[in-house]
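Here's the structure, in structure tokens; my notes come after.
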2 protein chains.
Amino acid sequence: MDLFHALSDEDGKFSGLEKKLAQLVLDDVDFAVNSSILDLAERAGVSPPTVTRFCRRLGCQGYSDFKVQLAKMTYVGLRYLKPETPTATPAEVAEDIVTKAQNALFQLHRQLDIDVLDKAAHLLRGAEFIQAFGASGNSAMIVNELHNRLFRLGCRINASNDHNMNMMLSAAAGPGTVVFGSSFTGRDQGLVHCLELARQRVIPTIVITQSNSPVARAADVVIAIDLPEGKNIFRPTSTRYAYLAAIDILANLVAYADRSRALKALRSIKEELVSRRDGDDRQLLGD
Amino acid sequence: MDLFHALSDEDGKFSGLEKKLAQLVLDDVDFAVNSSILDLAERAGVSPPTVTRFCRRLGCQGYSDFKVQLAKMTYVGLRYLKPETPTATPAEVAEDIVTKAQNALFQLHRQLDIDVLDKAAHLLRGAEFIQAFGASGNSAMIVNELHNRLFRLGCRINASNDHNMNMMLSAAAGPGTVVFGSSFTGRDQGLVHCLELARQRVIPTIVITQSNSPVARAADVVIAIDLPEGKNIFRPTSTRYAYLAAIDILANLVAYADRSRALKALRSIKEELVSRRDGDDRQLLGD
DNA sequence: GCATTCTATGAAAATAAATTTCTTGGGGTA
DNA sequence: TACCCCAAGAAATTTATTTTCATAGAATGC
């Protein structure tokens, strides 16, 4: 049953007052979720029985059931984590992945230390140059994303995914540089080494990793992400979504930390894209 | 208020029966969400007033409020989309990004055509070689992720983010090759050209893009993703989360389509990682 | 064009649900 | 031993929800 769909009345089965009710509910879900049937009826200018009937038409058992469904729906539909079945159908695979991704985002939001993130953003914004290190598929993606976001904001940044290269880059880093590292496990020895090199050179370091890990201990600013890992080895880790969101938030804070610089850089990029393509600026800032 | 936290009774404020209630609720959220106070009381072996008091202690207004909060919580906390305030605090930025990411995942799940995905998975699994094209930051990330997931499953795959290169690769593609393309906007002319080249050579093509776009029209199998774009130019598009999830699902389906090959490949990679590092196999399959 | 049927709706009644008040009994404390 | 406090339930009360019944208007059939 899909309340979201039902409320939009695509089949046109609602009566006049029911349409009014649906509109009211969609306009102010909070109110509907928190009020009694009498309040809702009064505000909609209908009688309580009409509300009950409305709920039934939507496929709910009654008003309380409706409220529960509504609460679920508006807070993003997501099944509870089910034990994994070995014979998963494609639909189950899809649901499982989406569920876990949403869960990872939820957990991220719960445990994210905004102050640390803000501190990191200001450090990045003030940097003359940023070296971003992350190896293996996942962390590589993360630092590449950081690169992809920050260069648009006028930051000078290089992302590198090669251990030996990282080492040389760290050893060569001069004043004004900030080193950024990503490690999902927190046990990337190569990254730890780079961070130590940076520390020797009094270069500030930021990492996104598990707290209380070797990588975390080697850095100045730690964006801690502690999520349980799944067990299905076929399944890519849902932790990536959490990391990606953290990077997105970070990039935003960097943008806000120096709005004018960010705007200027974005504008140039956009102009270039628009003038070189078909003039359709829906492309915005990259495919 | 954080019901999740409250239910775990970290402050040890629960009485004996309240602990029992909390356990019952956590064990079977579905039951709690769908039953009346009498049912819940009976199943927990307590009186209804005890349940009411329990709800109050959890910070809820009463039993109905408790049910609503519970429904929200278990379906992943997520605020309704708020209009964006120009003077966003870091916390608001974080919430907004997480919200939109979850929303993108929700929408993806609602509109995803599993059969198409499954078809694409079988095509990829049967391919002798896969060329994956995606340019600019976002699509580049997507095809790199595809590469990152599929090579682990024993697929022969190359990801390329360079237009000219893609063109040459398409022109040189031989029988047994499958071309995969990603474009968020669906208007990547270079990609369209590659797809046309492939079509001339009777090479099957799969794209992940907006439906009814030039890219979609040029491909054999279309994984359609149609999400509204945000307007904040500072903000990276939340669509990325949806694409990423689609790729994850796709990779899973490829793995399940040929379990033994996938397992074999994964096992070799894992052995290599474990033997070369500190023997800690928590690293699993890449940082 | 009138009668009939159907549908939407509300009023009132009935039921069910939730909460408050009052009470009890067990554990601790002076 | 007497007192107090707290957890917990029974009964009473209040509140919320649903059902039943009645009505008016719209649609349909003859």
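Here is how names work: the chains are called A, B, and so on, in the same order as the sequence lines, proteins then strands, and each is numbered from 1.
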- prompt: Are the side chains of B:Leu40 and B:Tyr63 in touch, meaning some heavy atoms are under 4.5 Å apart?
  reply: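 Yes. Closest side-chain heavy atoms under 4.5 Å.
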message: Can you confirm whether B:Gln102 sits close enough to A:His109 that some side-chain heavy atom of one is under 4.5 Å from a side-chain heavy atom of the other?
response: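 No, their side chains stay 4.5 Å or more apart.
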- prompt: Are B:Lys119 and B:Asp115 within salt-bridge range, i.e. N to O under 4.0 Å?
  reply: no
Send over the distance from [X] [atom1] to [N] [atom2], rounded to a whole Å.
X       : N      : atom1 : atom2 : answer
B:Glu18 : D:dA8  : CD    : P     : 7 Å
A:Asn34 : D:dA16 : CG    : C1'   : 16 Å
A:Ile37 : D:dA16 : CD1   : P     : 11 Å
B:Leu38 : D:dA10 : CG    : P     : 12 Å
A:Glu42 : D:dT17 : CD    : P     : 14 Å
A:Lys67 : C:dA18 : NZ    : P     : 10 Å
A:Leu21 : C:dG10 : CG    : C1'   : 14 Å
B:Lys20 : D:dA7  : NZ    : P     : 16 Å

[options]: which one has an atom nearest the side-chain heavy atoms of [X]?
X       : options               : answer
A:Arg53 : D:dT19, C:dT9, C:dT20 : C:dT9
A:Tyr63 : D:dG9, C:dA12, D:dT17 : D:dT17
B:Pro48 : C:dA18, C:dA8, C:dT19 : C:dT19
B:Pro49 : D:dA8, C:dA8, D:dA10  : D:dA10

task: Could you tell me whether B:Val51 contacts a base, only the sugar-phosphate backbone, or nothing, with contacts defined as non-hydrogen atoms closer than 4.0 Å?
output: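 If one applies the 4.0 Å heavy-atom cut-off, B:Val51 turns out to touch nothing in the nucleic acid.
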OP1 or OP2 of [N] less than 4.0 angstrom from a side-chain nitrogen or oxygen of [X], does that happen here?
X       : N      : answer
A:Ser15 : C:dT9  : yes
B:Thr50 : D:dG9  : yes
A:Thr52 : D:dT17 : no

Polar contact flag, side-chain donor to acceptor under 3.5 angstrom, B:Asp65-B:Gln69: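 Yes, because at least one side-chain N or O of B:Asp65 sits under 3.5 Å from a partner of the opposite role on B:Gln69.
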query: Looking only at atom types and distance, does a side-chain atom of B:Lys20 sit under 3.5 Å from a main-chain N or O of B:Ala44, one as donor and one as acceptor?
result: yes
query: With nearest nucleotides of DNA chain D determined for A:Asp39 and A:Arg56 from heavy-atom distances, which residue corresponds to the more 5′ nucleotide?
result: A:Asp39
